Colleague: 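Below is the structure I would like to discuss, written out as structure tokens.
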Amino acid sequence: MTIDPTAVPLRVPRPALRLPLLATSLALALLAAPPLVPQAAAQLAEMPAGAPRLLNQPFLQLPGADSVRVVWHTNFPGVRHELIWGEGRNRQRAAASTERMQRMLEDGSSRSPATAGLGLNQVVERPVWRHEAVATGLVADRRVPYRVRSIAADGSVHISEEFSLQPLPRPGQPLKILLTSDQQNRYGFPAAMQKVQELFGSIDAVFFAGDYVDNPRQASEWFDRFDPAWLNVPGNPGARPFPNTRPAFFPSLQGTYQDLFPQFPWRGGAVLQHAVKYGAIGNHEQPGRHRPNAQVAVNNGTSVANISYMDNDPQPRWVAEMRYESVKDSVNPAGDPAVREQWIRDNSHDWETFRQMWAHPQGPEGEQYYWQRYGDVAVVALNVSRVWRTWTVREQDRGKFTEFFSENRNPAEWGFGDFHFERFDRQSPQFAWLQGVLASPEFRSARYRVVLAHHSVAGLGDNAAPAHADNVMLIDFNAGDGIVQTKTVRLPADTPGRIAVFKAEVEPMLNQIVRVRYEYPLGEDIWKRDVEPLLIDAGVQLVHIGHSHVYSHVRSPLAPTLNYLETSSAGNSFGAFWTQADGTAWRNARRGGNTGLFAAGSPWNVANYPRTDDPHGRLPQWPTLANPMQLWDGEALPVPFVASNDISTFSVLDTGIGAVRSFAVNLRNPAAPAIEFDRIPLLPAPVPTRAPGPTRR
Ligand SMILES: [Fe+2]
Ligand SMILES: [Fe+2]
């Protein structure tokens, strides 16, 4: 491939309109500042952009009372980008603002026509530009046609197909809202989205409960993931066709997948073009430490920091803040706050691609948590996500329960277990904000009250465990004369407290450490202890979750009107953990494949890890209309979930009938229609007129 290592990406300032002040000053500072780290993205080689084209169809964001934003992406900066909406004499045009997406990357793992033949053996930048224009003068409950047009520097003109847009709904307007999550290039998404379009036409909104793609900085996962090698494995008769397929995000949710892969039996659905989308941050929205192409000496070997490695390499922000203090004189001699912030993000984690890609309402910390009154629906998006690490306990694993054995005395390469990216405990800013929102008349007067939270805070799915507690460090250390003792270290929730305790209790004993372990106390689940009582107080009827890639509906034992729903069995499932009516474990399920982890003599407390059939004390609900696992997956006994690689599910909140309708698609039979298998009424929940008081235990 031809790469110009001196190429400097063109940066087009984004309108200040939707940028937090910090990010704006940060971007400006970065333009002027020298590279922060040797591997800073601006120094990465850049892959060829290819012939000018639209990278996706336009989609809708951030509706107002008489407006809505339209966003699309191209592989060229262009000379003009515009939105055209309305009909006849009412046709209007608006110029788009344009910015280059930062840290859109590809590497040797990329599968895309854009990277085919490049022989990528390192992480490179992929040029992607984002365009955003605002349609104005709109009237609620009245759709108007629109399309977008981009003109490249070579004079070529690129026009989208025509779709429809509308502003915020009016009160009482019947709405159809798609509930989904965890696209992550999963096989079943084109099929499910195609059925959405066939059954519902233009839906009004999408509530996406996090995990958009696996690696948010890998551009092809969003726009054009395809590998011709998938054609070589057509699949067996009666099994799903082309089973190796991993469809990209936008083609799945925009109905264009057959443009990339004509032989695939499903084209996807034209969903995002007509619907506004609100989404929550999942663990996959927060890639880890940014050190592209670095050689990392770890785990008795050397790893290269490719996209996947960086994605799986977050450390808690407090750790980066602690480390910054020891390097600040060299990395930031001028003491620039923006440089400090970027260094800390680069050395912990961030959700910057989420911020750049979408346009959500603004909460007190930008888009990471926010709420919106959308017609008769109030929707709150929370960031309760935490890193996912392996269940296994082996010397070579940095997982939920241990560090790499070789790095036990090297905190620079610790993972710190499954840590939460953002606080949501009762002492946190996010919790205080949530209390205020839930107490507001605008929220309480909504007929339907919905919370988006990526993590499976309840349910039968694999990832519903361990408990959502801040983990406790258990440090096995050499106390002398070969005697190993265990020291328990509880880190406070606040950053100064964590740093102080770590420095006082952990650092002095580093040279004595035999093993670092983590425990997740079941009784300290932050969601159950702090958040759920608040939601019950406010009459929330639906918590839309993701993360386990199953269909699972459970209810709170404290309030039968509070439903938890995950509806993302979409071509791969991490399993469900259930004891059948005959007393046997469903398909020999063991949470996280943790066989032996909690056997006799284990130093972990097995009482902290819910039993196979215990969804954290919540009440599993049975599908009311049909049981897809019995119909299509060979189950002899009914089960209260869908967890199959061959069945895709999706749900639609239909405010016209006051219920969530759920559908299943048989991926083994592309000609078969979807079936409706469950219907969950969202019952009126009692809402005290008073504001919620202090959180109950
Ligand atoms: Fe996921
Ligand atoms: Fe997840």
Side-chain angles (χ1 to χ4, degrees), residues 178-189 192-193 206-218 221-222 225 246-249 252-253 277 279-288 308 311-314 349-351 353-354 357 368-369 381-391 399-400 415 417-422 424 451-468 520 527 543-552 564-577 591-593 615-616 641-645 647-651:
L178 174 67
L179 308 176
T180 188
S181 66
D182 299 86
Q183 198 276 341
Q184 295 175 251
N185 300 170
R186 294 313 196 240
Y187 179 96
F189 257 82
M193 296 302 106
V206 178
F207 288 176
F208 198 97
D211 279 8
Y212 292 73
V213 293
D214 278 337
N215 302 296
R217 290 184 174 146
Q218 194 152 14
E221 294 199 2
W222 292 99
R225 183 170 179 158
R246 295 292 306 278
F249 181 89
S252 300
L253 277 82
K277 190 228 62 164
I281 290 177
N283 52 305
H284 281 280
E285 275 61 72
Q286 312 218 42
S308 176
D311 196 71
N312 291 312
D313 189 35
H349 54 84
D350 69 32
W351 44 276
T353 305
F354 177 86
M357 183 69 71
Q368 76 160 317
Y369 50 89
L382 296 178
N383 180 5
V384 299
S385 69
R386 66 178 175 189
V387 61
W388 184 93
R389 299 189 190 281
T390 180
W391 280 83
K400 287 175 173 40
D418 280 10
F419 68 86
H420 290 109
F421 289 115
E422 176 74 11
F424 58 100
V451 170
L452 308 182
H454 174 67
H455 278 267
S456 296
V457 291
L460 292 160
D462 181 18
N463 284 333
H468 269 276
Y520 302 78
W527 184 278
V543 182
H544 174 30
I545 56 179
H547 195 49
S548 284
H549 302 199
V550 298
Y551 182 89
S552 170
Y564 291 90
L565 177 66
E566 172 164 4
T567 175
S568 58
S569 176
N572 93 303
S573 175
F574 298 142
F577 297 85
R591 278 202 190 275
H616 291 217
F641 54 81
V642 178
S644 166
N645 291 350
I647 301 174
S648 197
T649 63
F650 64 89
S651 301

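Keep in mind it's a predicted model, so treat the numbers as computed, not measured. First listed ligand is number 1; within each ligand, the first listed atom is number 1.
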Colleague: State, to the nearest 10 degrees, the angle whose vertex is the Fe ion (ligand 2) and whose arms point to ND1 of His547 and NE2 of His454.
Modeller: 90°
Colleague: Does the side chain of His454 come within less than 4.5 Å of Leu382's, by heavy atoms?
Modeller: no
Colleague: Begin from the C-alpha positions of Tyr212 and Phe249 and carry the test ring pair (Phe, Tyr, Trp, His ring centres under 6.0 Å) through to its verdict.
Modeller: CA-CA 7 Å; Tyr212 292 73; Phe249 181 89; 5.7 Å; yes
Colleague: Check whether the side chains of Gln184 and His284 place a donor and an acceptor atom closer than 3.5 Å, and report yes or no.
Modeller: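 The answer is yes; a qualifying pair exists.
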Colleague: Using a 4.5 Å cut-off on heavy atoms from C-beta on, say whether the side chain of Asp214 contacts that of Arg186.
Modeller: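 The answer is yes; the side chains approach within 4.5 Å.
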Colleague: State whether His549 contributes an N/O/S atom found under 2.8 Å from the Fe ion (ligand 1).
Modeller: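 So His549 does bind the Fe ion (ligand 1) by this criterion.
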Colleague: Using a strict cut-off of less than 4.0 Å between a Lys/Arg side-chain nitrogen and an Asp/Glu carboxylate oxygen, indicate whether Arg217 and Asp311 qualify as a salt bridge.
Modeller: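 Result for this pair is no, no salt bridge flagged.
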Colleague: Relative to the Fe ion (ligand 1), which of the N, O or S atoms in Asp182 is the closest?
Modeller: OD2
Colleague: Do any N/O/S atoms of Gln184 come under 2.8 Å of the Fe ion (ligand 1)?
Modeller: yes
Colleague: Among the N/O/S atoms of Asp211, select the one at the shortest distance from the Fe ion (ligand 1) and name it.
Modeller: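 That would be atom OD2.
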Colleague: Could you tell me whether the Fe ion (ligand 2) has an N, O or S atom of His455 under 2.8 Å away?
Modeller: no
Colleague: Using a cut-off of strictly less than 2.8 Å, determine whether Asn283 has an N/O/S atom near the Fe ion (ligand 2).
Modeller: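 It does; at least one qualifying atom falls short of 2.8 Å.
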Colleague: Can you tell me how far the CD atom of Glu422 sits from the CD1 atom of Ile281, to the nearest 0.5 Å?
Modeller: 8.5 Å
